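In this text the structure is predicted, and so the values were computed from the model without any measurement. First listed ligand is number 1; within each ligand, the first listed atom is number 1.
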Amino acid sequence: MAALRPLIAGNWKMFGRRSDLAEIEKLAADAREVAVDVLICPPYPLIGAALAVGAGAGVLIGAQDCSAVAADAARTGEVSAEMLADIGATHVIVGHSERRSQHGESDALVRRKAEAALSAGLIPIVCVGETLAQRDAGKTEEVIAAQVRASAPAEAGIVIAYEPVWAIGGDRTPSVEEIADVHGIVRETLSVAVRVLYGGSVGPKNAAEIFTSPAVDGALVGRASLKAADFALIVRAYPAVT
Ligand code: PGA
C-alpha cells in the first residue's frame, strides 16, 4: 500500500471573518510546492467561501466538527457530515479536547461522529490527548490507548491527532521522543494504516524539530494557522519526500 501523504491541518476554531479568506489564497505557492496535504478548517459560516478560494490555491478545506447523525434529521443547530461532503469539504475534526471538555463529548459520541464522517466519504481527524494530571501520574500511554480504542474506528486512512490537553494554546510541548512514543501507541492500538499528527503549540519555531521524528505524519495547528505567513513556514518545515 502506498504511504499516506503527510497532512498539515489548520484549525481556525472560532476565529475568522470573510476578510481572512485571503490567508488561504496566500498559501497557494506553498501548498503547490510541498509534498504534503495542506488543509484549513474554518468555522462553518466560512466553509463555502473557503472552498472556492481553496480550490484555486490547492488548499483542502474541512470542518471542525459534525453531527453524529450522518443523514438528514431533525437536529436543530447541527451540521451533518453529508452536508459537508456535499459542498466539497474533505476532512472533519472530531473529538477536539475543547469539544470534549466544553461540550461534554464522550469517546462514544466522538466515535459516532467519526463513523458518520466515514459514511459520508469524509476523512475524520480524531483527536486524543492526556491532561497534565494524567501525564504526571504516568498514565499517558494507558489514557491514549483507551481513547483511541473507544473513539477511533479502526479504518485505514483515518487521521489521528495526538494533542496533549496541556500543550494546547500555551507554549509547552512534549519532547520529540515523548511524541514519538505516543504515536507508537496509537499505531499499535489501531493496527491499520493511519496518519498520526501532532497538535498543541506547533509554530514556525518548533515545527522542524517536531517533524524530525518519522513517527509524525504532520501537524494539527491552532493559533499559528490563522496567518498564512506562520502556517506556510510550518508547511514548509515538513521534510521533503525524496
Ligand atoms: P494551538 O492549538 O496550536 O493553538 O496550541 C492546537 C489545537 O487546539 O488544535
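Contact atoms of ligand 1 toward Arg223: 1 (P), 3 (O), 4 (O), 5 (O) (distance under 4.0 Å to a heavy atom of the residue). When each atom of ligand 1 is checked for a heavy atom of Gly200 under 4.0 Å away, the hits are 5 (O). Every atom of ligand 1 with a heavy atom of His96 under 4.0 Å away is listed here by number and element: 7 (C), 8 (O), 9 (O). Less than 4.0 angstrom separates some heavy atom of Glu163 from each of these atoms of ligand 1: 6 (C), 7 (C), 8 (O), 9 (O).
By the 3.5 Å distance cut-off applied to N or O atoms, Lys13 is counted among the residues near ligand 1.
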**OP:** Might you work through the side chain to side chain donor-acceptor pair (under 3.5 Å) test for Ser67 and Arg112, ending with a clear yes or no?
**Re:** CA-CA 9 Å; Ser67 172; Arg112 282 171 48 224; over 6 Å; no
**OP:** Go through Asp37 and Arg195 one step at a time and tell me if the salt bridge (Lys or Arg N to Asp or Glu O under 4.0 Å) criterion holds.
**Re:** CA-CA 12 Å; Asp37 286 338; Arg195 279 174 288 185; 3.4 Å; yes
Subject >> Derivation and outcome, side-chain contact (heavy atoms from CB on, under 4.5 Å), residues His103 and Glu98 >> reply: CA-CA 7 Å; His103 300 268; Glu98 287 154 13; over 6 Å; no
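Side chain of Asp217 to backbone of Pro6: no donor-acceptor contact under 3.5 angstrom is found.
Among Gly170, Ala224, Gly203, Gly222, the residue whose heavy atom lies nearest to atom 6 (C) of ligand 1 is Gly222.
Of the N and O atoms on the side chains of Glu209 and Thr212, not one donor lies less than 3.5 Å from an acceptor on the other residue.
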